[in-house]
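As C-alpha cells, the structure follows; a few thoughts come after it.
None of the values given here were measured: they were computed from a predicted structure. Counting starts at 1 for both ligands and their atoms, following the listed order.
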Amino acid sequence: MDWNQLFFVLIPYISVTLFIAVTIYRSIFRPFTVSSLSSQLLERKKLYWGSVPFHYGIVLILLTHLLALIFPKALLLWNAVPIRLYLLEISGLALGLWALAGVVLLIYRRISVAYIRKVTTPMDIVVLLLTLVSIITGVLTAVGYRFGSTWFTGVFTPYLWSILTLQPRPELVAPLPWLIQLHVLNNFILLAVFPFSRLVHILTWPLHYLFRPWQIVIWVRERRQLAE
Ligand code: HEM
C-alpha cells in the first residue's frame, strides 16, 4: 500500500465507518451526550461574534460542496457564463473568509476567557484546530487554484462517488498539489473525530421544536415558602 492509498482509500473508509458506527451507537445508547455543550451561559459576546459568522459561512460553503457532488451538471451549466462563475467564486471566497474570522475568534475565546478555558476539553481543541486547517486550506485552494467550483466536478465528484460506491479511485487525487490533498485528508480526519466530539450536535437538527407541543412550566412552590 502506498501513501496515496493510505490517505485516499484507507483513511476515508476508516473515517466513514467510525462516523456511522459511533454516531449510531451514541444516539442510541448515550442520547443525552448528543449536544453542543453550549458555553453561552459563561460568555456570550465573543461567542456570538465568532459563532454566527462561522456557522453561516461554513454551512453555505458545505452546501455548495454538496451541490457539486450531487448536481455537477447544473453547476457546470451555471459556471458556463463567466459573470456567474465569478459571482459564485467571489461569494465562496467571502464566505470562506467570514468563516475563518469566526473560527479564529472562537479559538481566541477558548484561550482568553478563563471560565471557557476551564470547560475546554482536549477534543474541543482538536476539533477547532482541524476546522481551522480545513478553512485555511480551502481558502488557499480557492485563491491559488482558481475556479475550483468547475474543476471540482471533474476530479472530486467522481472521486467522492467512487468512495461512496465502494469502487475507490485514489488515482484521481494523486496528481493534485499537496495543499488540496491536505484539504481533503484533513476533512476525512474531521469526519472520523466527529462522533467523539461536540460536533455531533449537527445531527440533532432541532427542527422538532417547531412542531412539538408547547412546554408548560408550572411553578409548584407555595408563595409562603418562597418568601422564607
Ligand atoms: C472531502 C471533501 C472535500 C473536498 C473534496 C473539498 C474540496 C474543496 C475545493 C476543490 C475547494 C475550492 C473551491 C473553489 O475554489 O471554489 C474547497 C474550498 C473550501 N472548502 Fe472544501 N472540500 C471538502 C470538504 C470540506 C469540509 C468538510 C469543509 C469544512 C469543514 C471545507 C471547507 C472549505 C472552505 C472553507 C473552502 C473555501 C471556499 C472558498 O473560499 O471558495 N471543505 N474545498
Side-chain angles (χ1 to χ4, degrees), residues 4 7-16 18-19 23 50-51 53-72 75-76 78-79 82 84-107 126-165 168-195 197-203:
N4 193 242
F7 290 160
F8 301 112
V9 180
L10 191 62
I11 291 182
Y13 280 120
I14 292 176
S15 302
V16 173
L18 280 174
F19 172 73
T23 303
S51 180
F54 168 70
H55 281 94
Y56 277 102
I58 214 68
V59 166
L60 290 173
I61 282 170
L62 288 179
L63 279 179
T64 51
H65 281 57
L66 209 60
L67 193 77
L69 183 65
I70 301 175
F71 305 110
L75 187 62
L76 286 178
W78 171 273
N79 282 348
R84 295 203 302 230
L85 169 67
Y86 296 146
L87 207 67
L88 182 64
E89 291 282 330
I90 290 170
S91 316
L93 190 57
L95 287 169
L97 291 173
W98 208 35
L100 180 61
V103 80
V104 167
L105 185 56
L106 290 177
I107 292 173
V126 169
V127 165
L128 279 170
L129 289 181
L130 285 172
T131 311
L132 181 70
V133 173
S134 258
I135 299 177
I136 290 178
T137 52
V139 167
L140 289 178
T141 298
V143 173
Y145 304 96
R146 247 168 287 156
F147 309 128
S149 60
T150 290
W151 57 255
F152 189 112
T153 58
V155 179
F156 286 125
T157 305
Y159 166 68
L160 292 172
W161 278 116
S162 80
I163 294 289
L164 291 172
T165 53
R169 292 177 60 197
E171 69 277 7
L172 288 166
V173 188
L176 296 177
W178 67 266
L179 178 74
I180 305 176
Q181 293 187 344
L182 178 61
H183 182 65
V184 178
L185 179 63
N186 184 76
N187 286 319
F188 279 122
I189 297 173
L190 197 58
L191 191 71
V193 163
F194 181 99
S197 71
R198 64 173 71 213
L199 284 179
V200 280
H201 79 274
I202 295 171
L203 298 176

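Distance from atom 39 (C) of ligand 1 to its nearest protein heavy atom, with residue and atom name: Gly92 O, 3.3 Å. In terms of protein heavy-atom proximity, atom 4 (C) of ligand 1 is nearest to Phe152 CE1, 4.0 Å. Of the protein's heavy atoms, Gly148 CA, 3.5 Å lies nearest to atom 14 (C) of ligand 1. Among all protein heavy atoms, the one lying closest to atom 10 (C) of ligand 1 is Trp151 CH2, 3.4 Å.
Residue-level proximity to ligand 1 for Ile58 is carried by the side chain, the only part with a heavy atom below 4.0 angstrom. No part of Tyr159 comes within 4.0 Å of ligand 1, judged by heavy-atom distances.
The shortest side-chain heavy-atom distance between Leu100 and Leu132 falls under the 4.5 Å cut-off.
Contact between Ser149 and ligand 1 is present, with at least one heavy atom of the residue lying under 4.0 Å from the ligand. At least one heavy atom of Leu93 lies less than 4.0 angstrom from ligand 1.
Sorted by chain and number, the protein atoms of type N, O or S within less than 2.8 Å of atom 21 (Fe) of ligand 1 are His65 NE2, His183 NE2.
Heavy-atom minimum distance, Ser15 versus Phe188: OG-O, 2.9 Å. When all heavy atoms are compared, the tightest approach of Pro12 to Tyr159 is CG-OH, 3.7 Å. Thr157 approaches Leu69 most closely through the heavy-atom pair CG2-O, 3.6 Å. Taking all atoms of both residues into account, the shortest heavy-atom contact from Leu105 to Gly50 is CD2-N, 3.4 Å.
Residue Glu89 approaches ligand 1 through these ligand atoms, each under 4.0 Å from one of its heavy atoms: 14 (C), 15 (O), 16 (O). Those atoms of ligand 1 that come under 4.0 Å of a heavy atom in Ala142, given as number and element, are 14 (C), 15 (O), 39 (C), 40 (O), 41 (O).
For Tyr56, the OH atom is loosely surrounded, since the number of other residues' heavy atoms within 6.0 Å does not exceed 12. When the shell of 6.0 Å around CZ of Arg84 is examined, it contains more than 12 heavy atoms from other residues, nucleotides or ligands.
Distance CD1/Ile14 to CD1/Ile189: 10.5 Å, rounded to 0.5 Å.
In this structure, the side chain of Trp78 does not engage the main chain of Leu88 through any donor-acceptor pair within 3.5 Å. Between the side chain of His183 and the backbone N or O of Leu179, no donor-acceptor pair lies under 3.5 Å.
Across Phe194, Phe156, Trp98, heavy-atom proximity to atom 5 (C) of ligand 1 is greatest for Phe156.
For the residue pair Ser149/Asn79, the side-chain donor-acceptor check at 3.5 Å is satisfied.
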